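Everything on this sheet refers to the single structure shown next.
Within every chain, numbering begins at 1; the chains are lettered A, B, ... in the order of the sequence lines, protein sequences first and strands thereafter. For clarity, every value in this text was computed on a predicted model and none was experimentally measured.
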Amino acid sequence: MGEKILMKGAEAIAEAAIKAGAMAFFGYPITPQNETPEYFSRRMPEVGRIFLQAESEVAAINMIYGAACTGTRVFASSSSPGISLMQEGFSYIANSNVPCVVANVMRGGPGLGDIAPAQGDYFQATKGGGHGDYHTIVIAPHTLQEEVDLVLKAFDLAEKYRIMVVLIVDGLLGQMMEPVEFKETVDVTKFKVPEWATVGQGDREDRIIITSLDLAPEGLEKMNLHLQEKYRKIEEQEVMVEEYRMDDAEYAITAFGTMARISKTTIELARSEGIKVGLIRPITVWPFPSKTIENRANQVKFFFDTELNAGQMIEDVKLALNGARPVYFYGKMGGIVPSAEEVLEEFKKHLGGQHE
Amino acid sequence: MSITTEKKIQWCPGCGNFGIYNAFKSVLEKNIDEGRLKKENIVILSGIGCYGYITNYYDINSFHATHGRIPPLATGIKLANPSLSVIAFVGDGDAYAEGMSHTIHAARRNTDIKLIVHDNGVYGLTTGQFTPTSPRGFKGRSTPFGNVENPINPITLMLVARATFVARGFCGDIKHLEYILERAIFHKGFSFVDILQPCVTFNDTYSFYRSRVYKLEDTDYRTDQYEKAILKSLEFDDRIPIGIFYEKEEESFEEAIRGTHNYFYERQVPDISEIVREMI
């Protein structure tokens, strides 16, 4: 512990989940995240835990759902088309109030798309994806160290709120290598079975039923109100956001994950030209850091949102600003990742010649 | 007539897909030339895997679609326009993992679609994980200590699901494969062909299969005996039978529900100018 190890992103996330106490992993092969299940397939038997390659993503998410109902720490990973297949499970898990953590290594879409890095699943991740009024907590790391740190945090949040936490990374973070440090290893022998888990009645007086069904509208409304109450609490308490060089910023870039990382370089390039620009980087994209963005509205002249999609998070930025400032956009689709210079060039188009 | 395209074939040298590709190509070219098949009436489909690119390599209208969902997609095509020959290429991942239930339901429904399975016992495109047809003990990228699951027997499975044409081919015997594919294409109803093929990169089974396969057609085996076909299908050890296990002509699903109607030709095409006028 405390030692830096050079690891590939897709393997680092797996080791982080093992160190965080994930007792079981379920998945199905899909590029670009195959290194994650493969790492689990080697390591889980070593630590006496479960690795299972399911017959489909639909099976995998239901294995997660089942294992989560027993109060066990469970983890799954997939990539965009596979995550789409899991959406039914996401919705059921939400209304069953069971905790689990799932990683989506996003690739180019829609449909089969390609296997290059993309952020086109933002809407799916933050606005539902499955049916019904639900949210999952969605975390978007931008470095491998952050990814590793947030895996443990994800399990803690999942169990604190009995909710699914989704880590959205893209193929770039999955495939790159960086030194990472695993700061903590959870002692799984100290795990206690939660009181809500379906683990056999024992000497309990009331039996436990985990369900997402209530045919009586009043009953279902109650379930929904409970979910909404939980979501409001999460929105109040669990927003994670990084503000980078925002103190003296006259312009703000908004970006998450890989695009946030590129934007940091863009900001250095811009500042070397005397353009005072900063970055607001949502770490949780749900709950979204609306207040942070709103608070900077009077400070900056405009916002510049950049994503690896046609413009998805920009909608949340605009909602946060409610028209207070212009929000411009630059995005690339199809798995193309722009350089910091390209982002700067696009950004400068909105300066109106002031800094030409 | 040649049905090749100018696309460069991207499979590894020695890939089992070449045998299947060539066998199907000869069968189609021969039957198009001899007037038994019309090129414009053929639709081919493929799912996900290295083999999936096969739709790029034939000059035929094709549909490269969703992982595992090929049987329902083919069913949709056939029901919309029953005059089409609907031939679907799938992988063992498509047919027996992601879309196993679809394969079973297509078989028992007896829609007139042809399912040709590239069964190499490994996920090649995702670089080497075990599939439902990998043997116990198989060491792949997600089974470093050996596969602990029992493989399925696709031939038995399809017989029990009441497929009306069930066969197994070997991509290393192209002439025999051509014979099977031709029979499968002209069978009325659901045809199922499981083709044993090696993946030269992740699961090279050429010598394994070559030393074990024998042709049912070289024995006194008859293809019209259902119970005996099931017993025969269980043989998969030192000797592996290839050939047609079972064929029987039964009413297809589309015949049962619609007789000779073809909605594709009978549908009313709405007058666009009427719709536009209404909108204005």
Quiz item: Are the aromatic ring centres of H131(A) and F90(A) under 6.0 angstrom apart?
Solution: no
Exercise. Could you tell me whether K39(B) and D59(B) make a salt bridge, using a distance below 4.0 angstrom between a side-chain N and a carboxylate O?
Key: yes
Practice problem: Can you tell which part of P37(A) gets under 4.5 Å to a heavy atom of chain B, answering side chain, backbone, both or neither? | Solution: neither
Exercise. Could you tell me whether K8(A) and E147(A) make a salt bridge, using a distance below 4.0 angstrom between a side-chain N and a carboxylate O?
Key: no
Practice problem: Please determine if K7(B) forms a cation-pi arrangement with Y57(B), meaning its NZ or CZ atom is less than 6.0 Å from the six-membered ring centre and no more than 45° off the ring axis. | Solution: no
Self-check item: Reference residue L157(B); test side-chain contact (heavy atoms from CB on, under 4.5 Å); the match among D194(B), V166(B), I104(B)
Solution: I104(B)
Self-check item: Structural part of F130(B) lying under 4.5 Å from a heavy atom of chain A
Solution: both
Quiz item: Looking at R141(B), M100(B), H67(B), which one has more heavy-atom pairs under 4.5 Å with chain A than the rest?
Solution: R141(B)
Self-check item: Charged N-O contact under 4.0 Å between R69(B) and E98(B)
Solution: yes
Quiz item: What part of I30(A) gets closer than 4.5 Å to chain B, counting heavy atoms only: side chain, backbone, both or neither?
Solution: backbone
Quiz item: In terms of heavy-atom pairs under 4.5 Å, which option from G68(B), A97(B), G99(B) contacts chain A the most?
Solution: A97(B)
Quiz item: Looking at P81(A), A54(A), P29(A), S56(A), which makes the most heavy-atom pairs under 4.5 Å with chain B?
Solution: P29(A)
Quiz item: Contact part of F51(A) toward chain B, heavy-atom cut-off under 4.5 Å: side chain, backbone, both or neither?
Solution: side chain
Quiz item: Quick check: are there more than 12 heavy atoms from other residues, nucleotides or ligands sitting under 6.0 Å from NZ of K127(A)?
Solution: yes
Quiz item: What part of L125(B) gets closer than 4.5 Å to chain A, counting heavy atoms only: side chain, backbone, both or neither?
Solution: backbone
Quiz prompt | Contacting region of F40(A) [heavy-atom separation from chain B under 4.5 Å] | solution = neither
